[in-house]
Q: 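Below you will find the structure I want to go over with you.
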Amino acid sequence: MIIAQITDLHAGRHVETPAGTLDTFAALERAVDHLNALEPAPDIVVATGDLSHDTGPADYLRLKAALAELDMPLFVIPGNHDDRANLLAAFADDGYLPAGGGFLHYVVEGYPLRLIALDTTIPGAEAGELCAERLAWLEARLAEAPDQPTVVFMHHPPFETGIPFFDRIGCRGGAEMGEIVQRHPRIEAVLCGHVHRAIALRWHGTVVQVTPATGYQYPLQLLDAEGIAAVLEPPACRVCLWRPEVGLVSHLSYIDAR
Ligand SMILES: [Fe+2]
């Protein structure tokens with residue numbers, strides 16, 4: 001089984017960034033073409049939040065139409081930049097997002113890997129959170145199939161990255177999630193976004209991977225500073241190859257590479 005991950009699309013035609021005005025919608029379209037050209041094709045694609053730059057209903061419908069060009073099933077979760085209700089309205093027809101206005105977390109069954117999608121967002125805030133309700137939901141889902149290899153995906157990394165700018169808008173409840181993860185050794189990986197660059201950590205018996213954005217990247221800014229500038233590092237997606245006898249091998253695939 002192959003899982004591809006894209007993240008932090010921030011899709012828009014005129015997105016102001018410290019690197020200038022970018023057409024991140026075109027970057028998303030290149031990412032879709034890239035994923036469709038991969039051989040062998042991924043079985044599924046997950047998009048781990050910060051999906052649309054503008055967050056009105058029509059913006060999410062345009063995003064949905066661009067992502068509908070993917071040849072494989074897509075599963076999305078919100079990031080801090082997303083509007084949960086408008087995202088849900090656009091993607092509800094796909095059938096996997098819970099209706100009702102609560103957290104957009106869910107389980108994907110029917111593949112060799114079981115996928116658990118977490119919603120770490122707090123409406124109106126840049127930071128994320130796994131509150132007691134969400135932690136209990138995660139623990140209950142893991143308890144349903146403790147022996148099945150599982151991948152968790154979420155927008156905010158559940159650990160401190162060492163980049164102070166992002167750690168200030170990190171994920172509350174990450175330590176408590178770690179205690180749950182420690183009790184479930186079949187979690188093959190936790191896939192995240194939010195930081196717009198590649199990061200990896202051995203964490204509570206699993207591996208956490210942060211994936212670069214499809215739009216624009218942020219620098220390795222380990223010193224504390226007021227803001228953070230975008231950098232023109234290449235966009236990438238993650239391609240995870242699952243073979244039971246080997247495990248989950250995680251590759252970066254650069255989108256504009258020729
Ligand atoms: Fe984010």
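In what follows, residues are counted from 1 in the order of the sequence shown.
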Q: Begin with the C-alpha distance, continue with both residues' side-chain angles, and end with the deciding distance and a verdict on side chain to side chain donor-acceptor pair (under 3.5 Å) for S52 and H10.
A: CA-CA 5 Å; S52 184; H10 291 272; over 6 Å; no
Q: Enter the distance from R134:CZ to L138:CG here, rounded to the nearest 0.5 Å.
A: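 Rounded to the nearest 0.5 Å, the CZ-CG separation comes to 11.5 Å.
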Q: As an exercise, state the distance from CG of N80 to OG1 of T120, rounded to the nearest 0.5 Å.
A: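 Going from the CG atom of N80 to the OG1 atom of T120 covers 7.5 Å.
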Q: Please name the residue in the list T121, T55, L51, D54 that meets the side-chain contact (heavy atoms from CB on, under 4.5 Å) test with D83.
A: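 Exactly one candidate clears the test, T55.
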Q: Would you compute the distance between atom SG of C237 and atom CD of Q5 and round it to the nearest 0.5 angstrom?
A: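 Spacing of SG (C237) from CD (Q5) equals 9.0 Å.
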Q: Does the side chain of T17 reach to within under 4.5 Å of the side chain of V15, using non-hydrogen atoms?
A: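 When only atoms from C-beta onward are counted, V15 and T17 do touch, with a gap below 4.5 Å.
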Q: Can you tell me if D43 uses its side chain to pair, donor with acceptor, with the backbone of I2 under 3.5 Å?
A: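 Yes; at least one donor-acceptor contact below 3.5 Å.
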Q: Under 3.5 Å, which donor-acceptor pairs do the side chains of residues 101-118 form with other protein atoms, sequence neighbours left out?
A:
| unit_1 | atom_1 | unit_2 | atom_2 | d |
| --- | --- | --- | --- | --- |
| Y106 | OH | V76 | N | 3.3 |
| Y106 | OH | V76 | O | 2.7 |
| E109 | OE1 | R114 | NE | 3.2 |
| E109 | OE2 | R114 | NE | 3.3 |
| E109 | OE2 | R114 | NH2 | 3.4 |
| R114 | NH1 | R141 | O | 2.8 |
| R114 | NH2 | R141 | O | 3.4 |
| R114 | NH2 | E144 | OE1 | 2.5 |

Q: Looking at G173 and L135, what are the two nearest heavy atoms and their distance?
A: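 Closest approach of G173 to L135: O-CD2, 4.1 Å.
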Q: Going through the distances and angles, do V181 and W203 end up as a side chain to side chain contact (heavy atoms under 4.5 Å, CB included)?
A: CA-CA 9 Å; V181 167; W203 188 75; 3.8 Å; yes
Q: Using a 4.5 Å cut-off on heavy atoms from C-beta on, say whether the side chain of Y216 contacts that of V231.
A: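 Result no, sub-4.5 Å side-chain heavy-atom pair not found.
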Q: Among V210, D50, I77, T48, whose side-chain contact (heavy atoms from CB on, under 4.5 Å) with T7 holds?
A: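 Going through V210, D50, I77, T48 one by one, the side-chain contact (heavy atoms from CB on, under 4.5 Å) with T7 is satisfied by T48 alone.
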Q: Indicate if L201 and L191 have the same hydrophobic cluster label, given that clusters are the connected sets of ILVMFWY residues with side-chain heavy-atom separations under 4.5 angstrom.
A: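 Unlinked, L201 and L191 end up in two clusters.
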Q: Atom CG in L9, atom CG in L28: separation rounded to 0.5 Å?
A: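 Reported to 0.5 Å precision, the distance equals 5.0 Å.
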Q: Within the distance-only criterion (no hydrogens, no angle test), does the side chain of N36 pair as donor or acceptor with the backbone N or O of D33 below 3.5 angstrom?
A: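 Such a contact is absent between N36 side chain and D33 backbone.
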Q: Side chains of W242 and P149, heavy atoms from C-beta outward: is any pair under 4.5 Å?
A: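 Heavy-atom side-chain distance check passes, below 4.5 Å.
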Q: Report the relative orientation of the aromatic rings in H155 and H194; use parallel for angles under 30°, tilted for 30 to 60°, perpendicular for over 60°.
A: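 Taking H194 first and then H155, their aromatic rings stand perpendicular (interplane angle over 60°).
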Q: Say whether I180 and V208 are linked into one hydrophobic cluster, either directly or through other cluster members, by side-chain heavy-atom distances under 4.5 angstrom.
A: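 Yes, I180 and V208 fall within the same hydrophobic cluster.
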Q: List the steps, then state whether side chain to side chain contact (heavy atoms under 4.5 Å, CB included) holds for F165 with Y218.
A: CA-CA 10 Å; F165 178 85; Y218 285 116; 5.7 Å; no
Q: Verify, without hydrogens or angle tests, whether R238 (side chain) and A4 (backbone) share a donor-acceptor contact under 3.5 angstrom.
A: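 Checking the backbone N and O of A4 against the side chain of R238, no donor-acceptor pair under 3.5 Å is found.
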Q: Short question: side chain of R13, backbone of F25 - any donor-acceptor pair under 3.5 Å?
A: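 Pair absent, no side-chain N/O of R13 close to backbone of F25.
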Q: Is it the case that more than 12 heavy atoms not belonging to E245 sit under 6.0 Å from its CD atom?
A: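 Yes.
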Q: Is T24 reaching over with its side chain to a backbone N or O of G12, donor-acceptor style, under 3.5 angstrom?
A: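 Flag set: sc T24 to bb G12 pair under 3.5 Å.
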Q: With a 4.5 Å cut-off on side-chain heavy-atom distances among I, L, V, M, F, W and Y, is there a chain of contacts connecting L248 to I6?
A: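 Yes; tracing contacts between hydrophobic side chains, which count when under 4.5 Å, links both residues.
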Q: If you apply the rule side chain to side chain contact (heavy atoms under 4.5 Å, CB included), what do you find for Q148 with R186, and how did you get there?
A: CA-CA 6 Å; Q148 191 171 351; R186 295 315 310 270; over 6 Å; no
Q: Apply the test salt bridge (charged side-chain N to carboxylate O under 4.0 Å, His left out) to residues R168 and D224: give CA-CA distance (whole Å), side-chain angles for both, the deciding distance (0.1 Å), then the verdict.
A: CA-CA 10 Å; R168 279 193 288 274; D224 204 351; 2.8 Å; yes
Q: Once rounded to the nearest 0.5 Å, what's the spacing between atom NE2 of H196 and atom CD of E233?
A: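 Separation between the atoms: 12.5 Å.
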Q: Could you check whether Y60 and D82, counting side-chain N and O atoms only, form a donor-acceptor pair closer than 3.5 Å?
A: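 Their side chains do contain a donor-acceptor pair, which is all the 3.5 Å distance test asks for.
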Q: State the OG1-NE2 distance between T206 and H184, to the nearest 0.5 angstrom.
A: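 Reported value, rounded in 0.5 Å steps: 12.5 Å.
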Q: Does a sphere of radius 6.0 Å around NE2 in H14 hold more than 12 heavy atoms from other residues, nucleotides or ligands, not counting ones at 6.0 Å or beyond?
A: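 Incorrect, the count does not exceed 12.
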Q: Given side chain to side chain contact (heavy atoms under 4.5 Å, CB included), test L97 with F75 step by step and report yes or no.
A: CA-CA 9 Å; L97 289 170; F75 298 92; over 6 Å; no
Q: Between H156 (side chain) and E126 (backbone), is there a donor-acceptor pair under 3.5 Å?
A: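 Such a contact is found between H156 side chain and E126 backbone.
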Q: With a 6.0 Å cut-off on ring centres, are H53 and H81 close enough?
A: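 Yes; H81 has its ring centre under 6.0 Å from that of H53.
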Q: In terms of side-chain geometry, is the basic nitrogen of D94 or K64 positioned less than 4.0 Å from the acidic oxygen of its partner?
A: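 Answer for the salt bridge query: yes.
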Q: Just by modelled atom types, is the T161 backbone N or O under 3.5 Å from a matching donor or acceptor in the D167 side chain?
A: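 Yes.
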Q: Backbone N or O of V195 within a donor-acceptor pair of the Q217 side chain at under 3.5 Å?
A: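 Not confirmed, Q217 side chain does not pair with V195 backbone.
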